[in-house]
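Take a look at the structure set out below.
Chain identifiers are assigned alphabetically (A, B, ...) following the order of the sequence lines, protein sequences preceding nucleic acid strands; residue numbering begins at 1 within each chain.
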There are 2 protein chains.
Amino acid sequence: MNTIEALSMEELRRQFNRTGLRFTPQREAVWRIFEGNPDGLTISQVTVILAPQKIGQATVYRTIRALQDMGYLKWVHEQTGEHRFVVSRSGHSHMLVCRVCSKAVECSDCDLSVLEKLIARQTGFTVEGHHLEFFGLCPDCS
Amino acid sequence: MNTIEALSMEELRRQFNRTGLRFTPQREAVWRIFEGNPDGLTISQVTVILAPQKIGQATVYRTIRALQDMGYLKWVHEQTGEHRFVVSRSGHSHMLVCRVCSKAVECSDCDLSVLEKLIARQTGFTVEGHHLEFFGLCPDCS
DNA sequence: TTATTAAATGATAACATTTTTCATATAGAG
DNA sequence: CTCTATATGAAAAATGTTATCATTTAATAA
């Protein structure tokens with residue numbers, strides 16, 4: 001579903017540097033965790049995984065926020081209300097989450113522009129964007 | 001936008017009782033707060049408003065959760081990450097939130113069924129539902 | 001390479017949010 | 001009116017997030 005090729009570490013470093021941020025071993029470690037877990041992780045999960053490497057939770061929070069700001073991570077809602085963060089390879093996209101196994105896939109060809117125009121006309125709002133999340137059952141859990 | 005008539009207190013009481021829950025003065029007070037604030041409130045705002053009436057925050061939490069489970073409240077994201085709860089009078093609907101003044105309106109004629117079918121075909125998922133939130137500028141803030 | 005410096009780190013504290021506990025009160029049913 | 005399971009409120013506990021600050025270090029430029 002509209003997947004662009006994997007991001008190289010050097011590319012990611014450039015993305016960080018472009019905005020005046022530094023690409024540290026800790027940040028690389030956080031990114032690797034997400035790359036290795038396509039269905040996403042909560043902040044607390046990442047914190048636990050990286051604790052043995054002595055990477056503090058403050059760093060995890062800061063890095064996830066940075067990756068999110070750069071558009072490399074998207075979040076979806078957990079049933080618990082917690083946020084789970086998932087790697088996003090396409091630009092703007094929506095998440096589709098399995099209610100049972102929490103598998104998450106990205107779908108980016110969902111065109112809501114027609115809907116946005118309709119809503120704009122009906123409400124008088126200037127619609128700037130949206131957050132859309134689908135949930136259901138993945139093929140394995142169906 | 002597809003608004004059904006206001007919910008009477010007796011009706012709300014029946015809804016509570018139907019699920020084995022009790023309709024208490026505290027729960028009525030919480031509901032009244034939401035009815036009087038169409039743009040919604042965060043939990044902490046409700047807590048502050050009801051503090052003089054000596055309604056504990058635990059009760060606020062419990063009541064909001066119940067109202068949410070019954071479908072009478074929907075939440076939208078605050079820029080802070082906090083949830084703001086808004087009365088929902090139509091069955092399924094989407095929220096449209098102003099980035100500046102936080103005005104929130106509901107729009108329920110957004111038909112995503114076509115999109116859901118498309119996604120189902122592309123991913124193999126059984127799509128059960130979605131959460132959709134629009135944001136932008138309300139007419140006053142444009 | 002090396003020096004410089006602004007940003008990042010991690011430990012801790014501070015803060016905020018949410019849930020639990022439990023003795024007491026009370027809504028709803030009979 | 002009585003009875004009982006549920007709700008309440010106050011406080012504590014648990015959980016989640018942000019801020020602080022001395023120290024380290026990535027990136028830049030000499």
Between D:dG16 (P) and A:His83 (NE2): distance, integer Å: 13 Å

Interatomic spacing from CZ in A:Phe134 to SG in A:Cys98 - rounded to 0.5 Å: 15.5 Å

NZ/NE/NH1/NH2 to OD/OE distance under 4.0 Å, A:Arg13 and A:Glu10: yes

Atom-to-atom span, CG of B:Leu21 to C1' of D:dT8 - whole angstrom: 14 Å

Atom-to-atom span, CZ of B:Arg18 to P of C:dG28 - whole angstrom: 14 Å

Closest-nucleotide 5' rank along DNA chain D - winner of A:Ala58 and B:Gln26: B:Gln26

Whole angstrom value for the distance that separates P of D:dA11 from CD1 of B:Ile55: 17 Å

Whole-Å gap separating C1' (C:dA29) and CZ (B:Phe23): 18 Å

Side-chain donor/acceptor contact of A:Arg22 with base of C:dA6 under 3.5 Å: yes

B:Arg27 side chain, from C-beta outward: closest of D:dT17, C:dT18, D:dT8: D:dT8

Nucleotide nearest A:Thr24 (side chain, heavy atoms from C-beta), chosen from C:dT9, D:dA27, C:dA27: C:dT9

Spacing between A:Asn17 atom CG and C:dA8 atom P, to the nearest angstrom: 10 Å

Result of checking A:Thr63, A:Leu41, A:Val60 against A:Ile33 for side chain to side chain contact (heavy atoms under 4.5 Å, CB included): A:Leu41

Side chain of B:Lys54 - closest among C:dG10, D:dA10, D:dA27: D:dA10

Nearest-Å distance for atom pair CZ/C1', residues A:Arg84 and D:dG16: 18 Å

Short side-chain N/O contact from B:Thr59 to OP1 or OP2 of D:dG9, under 4.0 Å: yes

Touch class at under 4.0 angstrom, heavy-atom based, for B:Arg14 against every strand present: nothing

Rounded interatomic separation in angstrom, taking CD from A:Glu28 and P from D:dA26: 11 Å

Sugar-phosphate, base or nothing in reach of B:Arg62, heavy atoms under 4.0 Å: base

Among C:dA11, C:dA8, D:dA27, the one nearest A:Arg13 by side-chain distance: D:dA27

Of the listed nucleotides C:dT19, D:dT17, C:dG10, the one nearest the side chain of B:Gln57: C:dT19

Sub-4.5 Å side-chain heavy-atom contact between B:Phe85 and B:Ile43: yes

Identified side chain to side chain contact (heavy atoms under 4.5 Å, CB included) counterpart of B:Val46 within the set B:Leu50, B:Val48, B:Ile49: B:Leu50

